[in-house]
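Data block below; observations after.
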2 protein chains.
Amino acid sequence: MLSKKTKYGLKALAYLGYQKDRKPVQISEIAEHENISQKFLESILLSLRKSGFLSSKKGKGGGYYLLKEPNEIYMTDVMRVLEGPIAMVPCVSLNFYESCEDCPDEKSCSVHKLMLQVRDSALEVYRNNTLQDILCDKELKK
Amino acid sequence: MLSKKTKYGLKALAYLGYQKDRKPVQISEIAEHENISQKFLESILLSLRKSGFLSSKKGKGGGYYLLKEPNEIYMTDVMRVLEGPIAMVPCVSLNFYESCEDCPDEKSCSVHKLMLQVRDSALEVYRNNTLQDILCDKELKK
DNA sequence: GAAAACTCTACTAAATAAGTAGGGTATTAA
DNA sequence: TTAATACCCTACTTATTTAGTAGAGTTTTC
């Protein structure tokens with residue numbers, strides 16, 4: 001199940017992706033437009049900024065803006081930051097590998113076998129999607 | 001992240017899939033072999049039985065056994081029982097559809113767009129895997 | 001009837017999710 | 001320099017869920 005954090009993070013990224021220029025957008029604007037608690041969104045945006053997707057400006061005229069082009073922001077990276085490991089079990093994780101404490105042998109483990117495929121299929125989707133790809137063309141024209 | 005419940009459920013199904021005959025296997029045997037809390041496994045097996053994957057026998061010589069052939073047990077069905085909806089958001093769920101309360105329009109929603117693909121890719125994996133497929137050939141020969 | 005082994009219901013403790021609160025800091029404009 | 005603006009940061013709260021555990025009941029076999 002997708003966390004609210006991830007969902008809101010994606011929506012905020014999309015909102016910023018729709019902007020015509022790089023002018024900072026205030027947290028409050030995004031929060032209102034996307035029906036998100038402002039304070040919650042604040043902490044989500046902060047972690048996105050710390051991860052290198054966004055930049056921010058304090059003070060008058062401040063807010064958040066994309067640090068990279070939408071077509072350079074891969075969902076693989078975004079999901080790792082917002083949702084954690086893409087793999088459903090640590091023993092098939094590429095970035096956060098850990099062996100199972102309770103499996104005698106990974107090679108013969110059925111769960112491992114299935115989860116490996118699930119991981120690869122999810123990775124495939126994320127690799128093939130940048131922020132640009134998930135933006136709706138209709139909204140882009142506005 | 002895969003829940004312990006699902007992981008244990010899959011392991012138990014695999015254990016039963018490796019059995020040569022349909023003789024009931026006691027909960028305690030599976031629990032010991034797979035390093036699972038017996039009482040926890042008990043409730044997991046119960047829900048698998050209630051969902052039609054297993055059958056059970058009480059009393060002497062009792063236990064659990066597969067109700068269908070391993071190649072007739074699809075991971076799609078198993079995952080729905082153990083993990084819940086395959087879709088990561090209710091608005092892209094085939095079995096548990098619900099619209100989002102906070103999205104103005106599903107058609108233009110970026111999250112929806114991405115999650116649709118993720119759902120399909122996961123579904124593809126599960127559709128292509130029966131219990132038989134995730135069993136390890138080596139163990140089958142024992 | 002007793003033993004075996006599942007069935008069922010309820011409870012507990014820990015972890016996590018989804019926020020909210022409150023104060024601090026940096027930037028800009030006057 | 002000061003005040004306003006708007007992010008930055010840390011901590012806290014509440015609710016929910018997970019991962020069990022407890023205990024009694026029921027069914028089957030011998």
Side-chain angles (χ1 to χ4, degrees), chain A residues 1-12 15-16 22-32 34-67 81-85 88-90 100-102, chain B residues 1-12 15-16 22-32 34-67 81-85 88-90 100-102:
Chain A
M1 234 37 200
L2 200 68
S3 69
K4 285 292 176 71
K5 179 189 169 185
T6 304
K7 184 177 175 180
Y8 295 157
L10 289 170
K11 287 169 71 139
Y15 190 86
L16 293 174
R22 285 296 171 79
K23 276 195 338 213
V25 181
Q26 283 182 41
I27 300 174
S28 55
E29 182 183 325
I30 307 172
E32 271 164 43
E34 301 293 337
N35 270 289
I36 301 167
S37 153
Q38 183 171 330
K39 290 297 285 183
F40 192 31
L41 181 59
E42 189 183 291
S43 79
I44 295 165
L45 290 173
L46 190 58
S47 77
L48 286 172
R49 205 207 83 230
K50 285 181 173 178
S51 305
F53 301 111
L54 308 177
S55 196
S56 62
K57 186 181 173 211
K58 282 182 187 177
K60 177 82 175 166
Y64 278 92
Y65 53 96
L66 291 184
L67 200 46
V81 167
L82 294 174
E83 195 77 9
M88 284 170 83
V89 285
C100 291
E101 289 172 354
D102 52 321
Chain B
M1 233 41 201
L2 199 70
S3 70
K4 285 293 176 68
K5 180 189 170 187
T6 304
K7 185 176 176 182
Y8 295 157
L10 289 170
K11 286 168 74 135
Y15 190 86
L16 293 174
R22 285 295 172 80
K23 278 198 328 213
V25 182
Q26 283 183 39
I27 300 174
S28 55
E29 183 183 325
I30 306 173
E32 270 164 43
E34 302 291 338
N35 271 290
I36 301 166
S37 153
Q38 183 171 332
K39 290 296 286 182
F40 192 30
L41 180 59
E42 189 182 290
S43 79
I44 295 165
L45 288 173
L46 190 59
S47 77
L48 285 172
R49 205 208 83 230
K50 285 181 173 177
S51 304
F53 301 111
L54 307 178
S55 196
S56 62
K57 185 180 176 218
K58 283 181 185 179
K60 176 81 175 166
Y64 278 91
Y65 53 95
L66 292 184
L67 201 47
V81 167
L82 294 175
E83 196 75 10
M88 284 170 83
V89 285
C100 292
E101 288 173 352
D102 54 321

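Below, read A as the first sequence line, B as the second, and so on, with proteins coming before strands; counting in each chain starts at 1.
Atom CD1 in A:I36 sits about 12 Å away from atom P in C:dT20, given to the nearest Å. The distance from atom CZ of B:F40 to atom P of D:dT17 is 15 Å, rounded to the nearest whole Å. Remark: P of D:dT17 and CD of B:E83 are 14 Å apart, rounded to the nearest angstrom. One interatomic measurement links the two molecules: CG of B:L54 to C1' of C:dA5, which rounds to 15 Å at whole-angstrom precision.
Considering all non-hydrogen atoms of both residues, A:M1 and A:E83 come closest at O-OE2, 3.5 Å. Annotation for B:P24 and B:G62: closest pair CB-C, 3.5 Å, computed over non-hydrogen atoms. Residues A:L48 and A:G9 share a closest heavy-atom pair of CD1-O, 4.0 Å. Nearest heavy-atom pair, B:Y65 versus B:K23, reported as atom, atom and distance to 0.1 Å: CB-O, 4.3 Å. Contact between B:V81 and B:F53 at its shortest, heavy atoms only, is CG2-CE1, 3.7 Å.
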For nucleotides 25-30 of chain D, give me every protein contact, N/O to N/O, under 3.5 Å, one pair per line with atom names.
from	atom 1	to	atom 2	distance (Å)
D:dT27	O4'	B:K58	NZ	3.0

> Is there a side-chain contact (heavy atoms from CB on, under 4.5 Å) between A:I30 and A:Y8 once you walk through the steps?
Replying inline: CA-CA 10 Å; A:I30 307 172; A:Y8 295 157; over 6 Å; no
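A close approach under 4.0 Å does occur between a side-chain nitrogen or oxygen of B:Y8 and OP1 or OP2 of D:dG20. Here B:S56 reaches the OP1 or OP2 of C:dT7: one of its side-chain N or O atoms lies under 4.0 Å away. B:S37 has a side-chain polar atom (N or O) that falls below the 4.0 Å cut-off from OP1 or OP2 of D:dT21.
When distances run from any side-chain atom of B:R49 to the nucleotides D:dA19, C:dG19, C:dT7, the shortest one goes to C:dT7. When distances are taken from the side chain of A:Q26 to each of C:dG19, C:dT7, D:dC7, the shortest belongs to D:dC7.
Residues A:E42 and A:S37 form no side-chain contact, since every pair of their non-hydrogen atoms from C-beta on lies 4.5 Å or further apart.
Using a 4.0 Å heavy-atom distance criterion, A:L45 is classed as making no nucleic acid contact.
With B:T6 contributing its side chain and B:L82 its backbone, the two residues share a donor-acceptor pair below 3.5 Å.
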> What does nucleotides 10-15 of chain D look like as a protein-contact string, B for base, S for sugar-phosphate only, - for none, at under 4.0 angstrom between heavy atoms?
Replying inline: ------
